[in-house]
Amino acid sequence: CRCVNPSPNIEFELGAFYVFFQELGLNEKETESLVTMDPDLRLKSIRSLRACAASMKSVGISDLELCHLVAKCTSVLAADEIDSFILFVRDHLDGKVDPAQLKRPFFMSTEPRFLIEFEEKINLLIDGGIPREKIVHVLNNVNLTKALCFKPFEAIERLVHFLSRYGGVELIVRHPPILNFDMDGQLIPRVEFLLELSGGDEDATGAVLRKLPTFLKYRVEHVESHVELLRSFAGLDDQEIFRIILVFPNIVSASRERKLRPRIRFLKECGLDSCEIFKFLTKAPLFLGLSFEGNIVYKLGFLVKIGHKYRTKEFAVAIGAVTRTSCENMQKVIELFLSYEFSFEDVLLMSKKHPQILQYNPDSLEEKVEYLVGEMGRDLEELLDFPAFLGYKLDSRIKHRYEVKKKIIGEGMSINKLLSVSSERFGKKKLKELVHEAQKL
């Protein structure tokens with residue numbers, strides 16, 4: 001009997017079997033334990049075991065990691081499904097899937113039978129519109145077990161179809177964890193809440209999600225609490241709230257008690273009513289997201305220093321105008337005006353007439369001031385009457401129009417009239433003046 005008197009070939013196979021696992025870093029006792037847990041392991045040939053181990057190493061799994069995997073889950077070597085999966089990852093995905101995705105969180109928590117349709121699910125995503133060159137990025141940023149292995153093919157197909165109404169698979173490319181979501185318990189309720197807030201406007205809802213796909217990671221209860229604060233404390237209706245979300249979807253990430261409530265309270269203390277708060281937040285939504293200690297407090301200080309009265313409507317307009325600029329840039333702008341012998345009162349006057357003036361690039365401002373004085377021969381005081389001059393593009397607007405007008409009517413011209421008329425009206429006036437000059441000749 002071969003069982004009583006094993007042949008030299010069987011002894012060789014058993015010896016090679018133990019040698020193989022010793023090479024992985026397991027001793028004889030550990031190897032016996034593995035065989036006890038998974039008797040089918042003995043049925044695998046040494047050649048197939050070595051081939052499987054080599055395949056796993058080819059996708060970035062080190063010897064030590066492979067040893068830990070095998071010690072915890074022998075099926076990584078014995079299951080044909082895992083071998084097929086590894087070959088697909090290596091050959092069709094160029095072995096670029098992060099090895100960390102293929103280690104314990106995946107192989108040790110996923111039964112081999114759940115890998116059977118993996119390739120078909122990947123092809124479904126590619127056929128659904130995810131560029132082939134982006135598919136690895138998606139796989140490296142999802143929970144593979146939750147997003148693909150445990151999720152049936154039909155569920156993934158349904159998810160792709162649902163998203164097609166709101167931005168399509170581009171949302172998945174930009175925020176892959178969307179694939180992790182449960183359709184009925186997470187994804188659909190979150191989208192439907194936003195859709196209801198929009199008044200049923202799918203295009204506008206899609207616009208919010210395309211701006212910020214991570215909006216979908218927030219639970220309905222979280223978004224609802226933000227909306228309720230804007231309703232009850234700011235006095236806004238759902239249409240106004242959605243407009244603010246459309247302009248600034250990141251409002252959902254701002255703390256209600258540390259940011260939203262104190263900022264809205266500040267606007268109310270400045271004398272803004274609900275309608276004015278809505279207009280402010282649509283024009284300067286970053287006010288809700290900026291750090292108070294690291295940003296806003298310094299800007300408040302600069303505004304008070306140049307003469308703004310604290311907690312007035314003008315003060316609110318001024319702080320709204322500087323939300324998009326840095327404190328450093330704001331300081332440089334003020335210092336630039338002071339270097340041209342403008343006073344703080346002058347800077348205050350200009351900022352009231354043209355609030356954006358404090359957020360402009362100081363180097364660009366200096367070029368325009370130099371052109372105004374040097375090339376156009378005008379006085380700096382003209383900026384007190386028309387500070388918006390500094391907001392126009394130097395080459396395409398200021399220089400161009402000045403050169404055109406100078407040829408027709410000479411030096412004396414209002415810089416306000418020169419720059420503030422529309423391009424269409426400027427073109428018509430230019431043509432009329434040229435015709436008039438030609439008739440005089």
Side-chain angles (χ1 to χ4, degrees), residues 234 240 243-244 247-248 251 262-292 294-340 342-369 372 380-394 397-398 414-422:
E240 290 171 329
R243 283 277 304 281
I244 294 170
V247 173
F248 185 58
I251 189 175
R263 307 294 162 85
I264 293 170
R265 182 184 297 114
F266 170 81
L267 296 178
K268 292 168 79 171
E269 290 172 352
C270 287
L272 274 62
D273 59 25
S274 295
C275 181
E276 290 166 326
I277 289 174
F278 166 68
K279 290 178 180 178
F280 178 95
L281 294 179
T282 52
K283 290 180 180 178
L286 283 177
F287 178 71
L288 295 174
L290 293 173
S291 163
F292 182 79
N295 190 296
I296 292 178
V297 69
Y298 295 107
K299 292 175 179 177
L300 295 177
F302 284 133
L303 293 174
V304 170
K305 187 174 183 179
I306 64 175
H308 276 285
K309 291 184 179 179
Y310 193 54
R311 290 180 178 166
T312 62
K313 288 188 178 182
E314 281 186 347
F315 191 71
V317 171
I319 193 63
V322 296
T323 54
R324 293 182 178 275
T325 191
S326 68
C327 300
E328 181 183 9
N329 187 85
M330 192 174 169
Q331 183 175 359
K332 286 181 178 179
V333 169
I334 294 172
E335 289 174 351
L336 176 67
F337 285 128
L338 295 178
S339 72
Y340 281 106
F342 285 109
S343 65
F344 281 127
E345 291 77 12
D346 294 332
V347 178
L348 174 64
L349 176 63
M350 289 189 287
S351 69
K352 284 184 176 181
K353 289 184 176 181
H354 190 64
Q356 301 93 321
I357 201 169
L358 295 176
Q359 65 176 307
Y360 292 146
N361 180 286
D363 294 332
S364 175
L365 288 181
E366 187 172 10
E367 284 186 62
K368 293 170 187 176
V369 172
L372 176 72
L380 283 172
E381 284 72 19
E382 292 194 56
L383 291 176
L384 297 177
D385 295 323
F386 187 60
F389 170 88
L390 298 170
Y392 292 102
K393 292 183 178 179
L394 180 59
R397 188 86 166 198
I398 299 174
S414 163
I415 59 172
N416 188 337
K417 292 180 179 179
L418 175 69
L419 298 172
S420 59
V421 298
S422 67

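Considering only heavy atoms from C-beta on, D346 stays 4.5 Å or farther from Y340 through its side chain. Put simply, the side chain of L288 reaches to within 4.5 Å of the side chain of L281, judged on heavy atoms. Put simply, the side chain of F386 does not reach to within 4.5 Å of the side chain of H354, judged on heavy atoms. The shortest distance between side-chain heavy atoms of H308 and S351 falls below 4.5 Å. Between K299 and L290 the shortest side-chain heavy-atom distance falls below 4.5 Å. Between L300 and F292, some side-chain heavy-atom pair lies under the 4.5 Å cut-off. You'll find the side chain of M330 stays beyond 4.5 Å of the side chain of C327, heavy atoms only. The side-chain heavy atoms of I398 and L372, taken from C-beta on, include no pair separated by under 4.5 Å.
To the nearest 0.5 Å, atom NZ of residue K305 and atom CD1 of residue I334 are 7.5 Å apart. In this structure, L272 CG and F278 CZ are separated by 13.0 Å, a value rounded to the nearest 0.5 Å. In this structure, CG in L336 is found 10.0 Å from CG in N361, a value given to the nearest 0.5 Å. Remark: C270 SG to K313 NZ distance equals 10.5 Å, nearest 0.5 Å. Atom-to-atom distance recorded for E269:CD and T312:OG1 is 12.5 Å, nearest 0.5 angstrom. Between atom CG of residue N295 and atom CG of residue L286 there is a gap of 9.5 Å, rounded to the nearest 0.5 Å.
The neighbour count for R324 CZ, taken as heavy atoms of other residues, nucleotides or ligands under 6.0 Å away, does not exceed 12. Counting non-hydrogen atoms of other residues, nucleotides and ligands closer than 6.0 Å to OH of Y298 gives a total of 12 or fewer. Within 6.0 Å of atom NZ in K332, 12 or fewer heavy atoms from other residues, nucleotides or ligands are found, so the atom counts as exposed in its surroundings. Open room surrounds CZ on R243; 12 or fewer heavy atoms of other groups in view lie less than 6.0 Å from it.
Identified under the salt bridge (charged side-chain N to carboxylate O under 4.0 Å, His left out) test for residues 278-290, with sequence neighbours left out: none.
Contact record, Y360 with N329: O-ND2, 3.0 Å, taken as the closest heavy-atom pair. The nearest pair of heavy atoms linking I319 to A316 is CG2-O, 3.1 Å. The shortest non-hydrogen separation linking I357 to P387 is CD1-CB, 3.9 Å. The minimum heavy-atom distance linking L358 with T325 is given by the pair O-CG2, 4.1 Å. Taking all atoms of both residues into account, the shortest heavy-atom contact from V421 to R397 is O-NH2, 3.1 Å. Of all heavy-atom pairs spanning L390 and K368, the tightest one is O-NZ, 2.9 Å.
Scanning for salt bridge (Lys or Arg N to Asp or Glu O under 4.0 Å) contacts around K353 gives an empty result, with sequence neighbours left out. Under the rule for a side-chain hydrogen bond (donor to acceptor under 3.5 Å, both in side chains), T323 has no partner lying at least two apart in sequence or in another chain.
Between Y310 and F315, the ring planes lie perpendicular to each other; the angle is over 60°, past the 30° to 60° tilted range. Note on ring orientation: taking the six-membered ring where Trp is involved, the planes of F287 and F280 are perpendicular (angle over 60°, cut-offs 30° and 60°). Using the six-membered ring where Trp is involved, F342 and F337 have ring planes that are perpendicular, over 60° apart on the 30 and 60° scheme.
Side-chain atoms of S420 and N416 include a donor-acceptor pair closer than 3.5 Å.
Ion pairing between K309 and E314 fails under the 4.0 Å rule for side-chain N and carboxylate O.
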Review point. Step by step, would you call S326 with E328 a side-chain hydrogen bond (donor to acceptor under 3.5 Å, both in side chains)?
Key: CA-CA 5 Å; S326 68; E328 181 183 9; 5.1 Å; no
